[in-house]
Amino acid sequence: MCGIVGIVGQQPVSERLVYALKRLEYRGYDSAGIATIDGGALDRRRAEGKLVNLEARLNEQPLAGTIGIGHTRWATHGAPKERNAHPHFTAGIAVVHNGIIENFAELKDELTASGAEFHTETDTEVVAHLLARLRRDGIGRREAMFAMLRRLRGAYALAVLFEDDPLTIMAARNGPPLAIGHGDGEMFLGSDAIALAPFTNEITYLIDGDWAIIDKTGVHIFDIDGNVVARPRQVSSDVAYMVDKGNHRHFMEKEIYEQPEVISHALGHYINFIDNRVVPVWDIDFAKVPNLALSACGTAYLAGLIGKYWFERYARLPVEIDVASEFRYREIPLSPQSAALFISQSGETADTLASLRYCKEHGLKIGAVVNTRESTIARESDAVFPILAGPEIGVASTKAFTCQLAVLAALAVGAGRARGTVSEQEEQALVKSLAEMPRIMGQVLNSIQPKIELLSRELSKCRDVLYLGRGTSFPLAMEGALKLKEISYIHAEGYAAGELKHGPIALIDENMPVIVIAPHDRFFDKTVSNMQEVAARGGRIILITDEMGAAASKLDTMHTIVLPNVDEIIAPMIFALPIQLLAYHTAVVMGTDVDQPRNLAKSVTVE
Ligand code: F6R
């Protein structure tokens, strides 16, 4: 959802700004730009599309200067064209922004009436004009920044350069994250610590309402009322990660194949492999919690939906779950005795954060299942459950999804023990199954690729695809459809298999592939009946099942993908692999941009 960077350096900054932006490209890639001050003059280079275009522009027209800011954009207001690319300039002021200024229309009218001329369709440009007007009125830079921020409503991470001060960057945060990096005689600014990793691992995070003045000697931070505040300087663990594709064509492929390793890392945090027990990691007394609220967005929400099946089944704990954009506005009656879990890879998703704050206001104990431990969602929670997936760069979530599932499964079993609904023997059996997962995942990844590639060639010719499943395979069917549509742009829907006859069956004909996710579990026979209904109407079935399911199903399918027989609790993670690979290879056949699909961004910090 846009990435911003800034450097106050001793050496030229333009190359380093672009390098840092590359590490933020997952946040948006509609256009990009940088601005520097050199010889007392502000200048910028911008380009539509990905960062390679900006690099090409900079090769033709380099930009000197030892202070600068940069931006990679995910368009909210205004088409993804160069004229709307940041930094925005007016009257010797340059601004980059991540977020949405909600009252921009009102501010724009006011500024236009007082003579400002707007050159973009963005909400951000009002920031530059507000500052320019304040400066014209004779107000100092620092006071102008403070006064400008008080006029803004909405979400923002901002970085500002004033041409008449070539030694300082000003920054502000309200919503989207902002990390300040401390270097050796240089200072840095970025949307996350990973962007700053090549330069420093010493980070200070601004909190909502903070604004800062940064020069090469350090940072001065102020709160929303202008008081000087101290924020801790910490050594970031995020920077330890290498962000490259290794031998893979795409980050998504790499991340799919990393799953056995990262899942075993995640499990190691929650289970004790020696005595096959769940490690008690949560300071919430599950025995006393009357119910659990779960909320998240997109793939993380679908992981939560699977988690609901587990918490209800193993811990007999009722779960209220909704997508965060609805949860936050539904005015759900909540009791302070309840607990709430928020699931987010980035830990920065605006709607998830708003739902968390809603629950916090109602006195619930808050837990965060996050990949980024230093994220806002993690920092605002009472308990943090890291999924330990490592950086996920591919915009389509894969390893974060299965790691979220692994953590939720362990927590549900732990909750079951606390509530006395899972016996010690059952706990050991469930944990043994979880511990088998990395090995089985490796086996599946090594065996199914040829079949999936074959199938992908057929899927790439389809206009629509239906995914079906029952029990935990139902959210997985939705995840399969989400993955396919977001990276191949083929229309796909996931349905509960039993819901087919209540509407979607009208779509079935010989052109509609129906992907059925059906491990040989207690729902298998019922799902087979639903497959019969599809077959009777000429639908083409692609069955993803296990060895027992393949032997039991007598149906004529277009393709059957056979996985090993596994225990029910790990089936969602194992069956996630073929649906991820299917989406991946279909997108590769279709030649789409797998890691950076159109219109999407990895971290969604606006509503
Ligand atoms: C889909 C995908 C998105 C995210 C969603 C939530 O592949 O990645 O649907 O799951 O935007 O993001 P986080 O988990 O960062 O809150």
Side-chain angles (χ1 to χ4, degrees), residues 1-3 24 26-28 74 175-177 191-192 194 238 250-253 255-256 259 294-307 321-328 341-356 367-378 380-381 384-405 407-408 467 475-476 478-489 492 494 576 579-584 586-587 592-607:
M1 223 45 14
C2 302
L24 289 175
Y26 71 90
R27 302 175 75 90
W74 186 84
S191 292
D192 66 28
I194 294 179
D238 279 358
H250 299 101
F251 280 110
M252 182 176 177
E253 185 183 44
E255 287 157 8
I256 290 174
Q259 288 175 103
L294 283 184
S295 194
C297 299
T299 288
Y301 162 72
L302 297 172
L305 217 47
I306 294 177
I321 178 164
D322 209 340
V323 288
S325 52
E326 292 299 318
F327 187 102
R328 61 182 294 192
L341 273 186
F342 298 90
I343 308 159
S344 175
Q345 188 284 128
S346 61
E348 301 294 348
T349 301
D351 284 317
T352 310
L353 182 58
S355 302
L356 180 156
V369 178
V370 287
N371 199 22
T372 314
R373 280 206 243 192
E374 292 153 12
S375 60
T376 313
I377 288 179
E380 295 198 12
S381 295
V384 179
F385 306 108
I387 63 164
L388 302 163
E392 191 180 63
I393 305 297
V395 163
S397 186
T398 52
K399 62 176 181 169
F401 176 64
T402 49
C403 286
Q404 284 160 351
L405 289 177
V407 172
L408 290 169
Y467 286 72
L476 204 54
M478 291 198 274
E479 170 62 3
L482 177 61
K483 230 50 342 156
L484 187 70
K485 65 185 142 194
E486 70 182 326
I487 58 169
S488 74
Y489 318 141
I579 64 165
Q580 294 170 347
L581 281 172
L582 203 52
Y584 172 73
T586 306
T592 59
D593 190 338
V594 173
D595 283 333
Q596 296 179 333
R598 68 184 182 204
N599 305 338
L600 293 174
K602 186 82 185 150
S603 179
V604 185
T605 49
V606 292
E607 264 193 63

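Both ligands and their constituent atoms are indexed starting at 1 by order of listing.
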Checklist entry - Does some non-hydrogen atom of Val395 fall short of 4.0 Å from ligand 1? => result yes

Checklist entry - Can you tell me if Glu348 has a non-hydrogen atom under 4.0 Å from ligand 1? => result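 No, Glu348 has no heavy atoms under 4.0 Å from ligand 1.
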
Next on the checklist: Side chain or backbone, does Thr352 bring an N or O within less than 3.5 Å of an N or O on ligand 1?
Outcome noted: no

Checklist entry - Taking N or O atoms only and a 3.5 Å limit, does Thr299 qualify as a polar contact for ligand 1? => result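 Between Thr299 and ligand 1 (N or O atoms, distance only) the closest approach is under 3.5 Å.
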
Quick check on contacts: which atoms of ligand 1 are under 4.0 angstrom from a heavy atom of [X]?
X: Ser346; result: 13 (P), 15 (O), 16 (O)
X: Gln345; result: 13 (P), 14 (O), 15 (O), 16 (O)
X: Ala300; result: 10 (O), 14 (O)
X: Ser344; result: 13 (P), 14 (O), 15 (O), 16 (O)
X: Lys483; result: 1 (C), 7 (O)

Checklist entry - Are Leu581 and Ile256 close enough that some pair of their side-chain heavy atoms sits under 4.5 Å apart? => result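 When only atoms from C-beta onward are counted, Ile256 and Leu581 do touch, with a gap below 4.5 Å.
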
Checklist outcome for this item: In short, Leu484 meets Ala492 closest at the heavy-atom pair CD2-CB, 4.0 Å

Item to check | Residue among Asp322, Leu356, Thr352 satisfying side chain to side chain contact (heavy atoms under 4.5 Å, CB included) with Phe327 | outcome: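 Checked Asp322, Leu356, Thr352 against Phe327; only one passes side chain to side chain contact (heavy atoms under 4.5 Å, CB included): Asp322.
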
Item to check | Contacts of Tyr301 that satisfy ring-ring contact (aromatic ring centres under 6.0 Å, His included) - sequence neighbours left out | outcome: none

Next on the checklist: Applying side chain to side chain contact (heavy atoms under 4.5 Å, CB included) to Tyr584 and Val594, what does each step give before you reach the verdict?
Outcome noted: CA-CA 7 Å; Tyr584 172 73; Val594 173; 3.7 Å; yes

Checklist outcome for this item: Residue set satisfying salt bridge (charged side-chain N to carboxylate O under 4.0 Å, His left out) with Glu255, at least two apart, ordered chain then number -> none

